[in-house]
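Notes follow once the structure below has been shown.
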Amino acid sequence: MTLHKILKYVSIVIGVIGLILLGRILAEDGDAIEASADLQSSLLNPFMYVAYLVLLIVIALVFIFVIKGLFKGNIKNTLIAVGAFVAVIVIAYLVTDGSEMTLKDGDILSASSAHWISAGLVTFYILAGIAILAMFISGVKKLIR
């Protein structure tokens, strides 16, 4: 049996289980679910476990196929791309700073967490800028040809 057929059957089984669990949730009164912790755990926890299972399966498959693709393709280009991504993160971390802040709900965000959040945002801005620049350059090259 091919991997495609196996995954198709697994996805059908998980989908049916998810539909049954969703039907159980929809059959109950929303206010009753909010009021009862026992009802929440009996209805929502199995649904969450199915979601965790699906996430785990997806992450495992992505990991397997990425590793498989690494050994089939050019590992040098892959390592260069990963190195460039890490370099962007390091640059973003170095150009940002973090300071302790008080959140709206009164909790305190540590300086380290604020620094990593800022670095994440700057990383996103750098990568978005690179993507926009690449699209612009590609468009200009097509116009020139």
Side-chain angles (χ1 to χ4, degrees), residues 1-96 98 101 103-105 107-145:
M1 193 180 293
T2 65
L3 182 63
H4 175 71
K5 285 185 178 182
I6 294 171
L7 291 177
K8 185 169 66 170
Y9 292 133
V10 168
S11 66
I12 289 171
V13 169
I14 291 174
V16 168
I17 292 171
L19 281 174
I20 291 169
L21 294 173
L22 179 62
R24 287 184 58 211
I25 292 171
L26 293 176
E28 287 292 328
D29 182 35
D31 295 330
I33 294 174
E34 287 182 27
S36 172
D38 291 335
L39 198 55
Q40 288 175 7
S41 65
S42 70
L43 291 177
L44 300 180
N45 284 352
F47 201 70
M48 294 295 292
Y49 290 137
V50 170
Y52 294 145
L53 176 68
V54 170
L55 179 64
L56 180 69
I57 290 170
V58 168
I59 289 172
L61 288 174
V62 166
F63 184 73
I64 289 168
F65 286 113
V66 165
I67 297 298
K68 183 180 169 184
L70 276 176
F71 291 115
K72 277 187 175 179
N74 189 350
I75 196 162
K76 178 183 170 187
N77 288 341
T78 303
L79 292 175
I80 289 171
V82 169
F85 182 68
V86 170
V88 168
I89 293 172
V90 168
I91 290 169
Y93 187 80
L94 292 175
V95 300
T96 59
M101 357 172 114
L103 302 174
K104 289 182 182 179
D105 60 358
D107 290 341
I108 296 178
L109 182 65
S110 69
S112 174
S113 295
H115 194 184
W116 278 110
I117 290 169
S118 297
L121 289 170
V122 170
T123 299
F124 170 76
Y125 298 145
I126 291 171
L127 294 175
I130 291 170
I132 291 169
L133 184 64
M135 288 186 293
F136 179 75
I137 290 172
S138 172
V140 169
K141 283 184 179 180
K142 285 183 181 180
L143 287 175
I144 292 173
R145 290 182 192 171

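Since we're looking at a predicted model, the values are computed, not measured. Side chains are part of it too, since the values below use all heavy atoms of this structure and drop only hydrogens, waters and symmetry mates.
The CG atom of Asp38 sits 10.5 Å away from the CG atom of Leu43 when rounded to the nearest 0.5 Å. Atom CD1 of residue Ile14 and atom CG of residue Leu53 lie 4.5 Å apart, to the nearest 0.5 angstrom. Taking CG of Leu61 as the reference point, atom CG of Leu56 lies at 9.5 Å (rounded to 0.5 Å). Here CG of Leu44 is found 10.0 Å from CG of Leu21. Values are rounded to the nearest 0.5 Å. The distance from atom CD1 of Ile108 to atom CG of Asp105, rounded to the nearest 0.5 Å, is 10.5 Å. In this structure, the separation between CD on Glu28 and OG on Ser36 is 9.0 Å, given to the nearest 0.5 Å.
Residues Val13 and Ile17 are in side-chain contact: their nearest non-hydrogen atoms beyond the backbone lie under 4.5 Å apart. Counting heavy atoms from C-beta outward, Ile144 and Lys141 have side chains that stay 4.5 Å or more apart.
Scanning both residues, Ser41 and Pro46, for their nearest heavy atoms gives O-CD, 3.6 Å. In this structure, Ala92 and Thr96 approach most closely via the heavy-atom pair O-OG1, 3.0 Å.
A side-chain hydrogen bond (donor to acceptor under 3.5 Å, both in side chains) check over residues 46-56, counting only residues at least two apart or in different chains, returns nothing. Note on residues 115-139: pairs passing ring-ring contact (aromatic ring centres under 6.0 Å, His included), not counting sequence neighbours, are Tyr93-His115, Tyr93-Trp116.
Between the side chain of Ser138 and the backbone N or O of Ala134, no donor-acceptor pair lies under 3.5 Å. Distance alone, capped at 3.5 Å, places no donor-acceptor pair between the Arg24 side chain and the Phe47 backbone.
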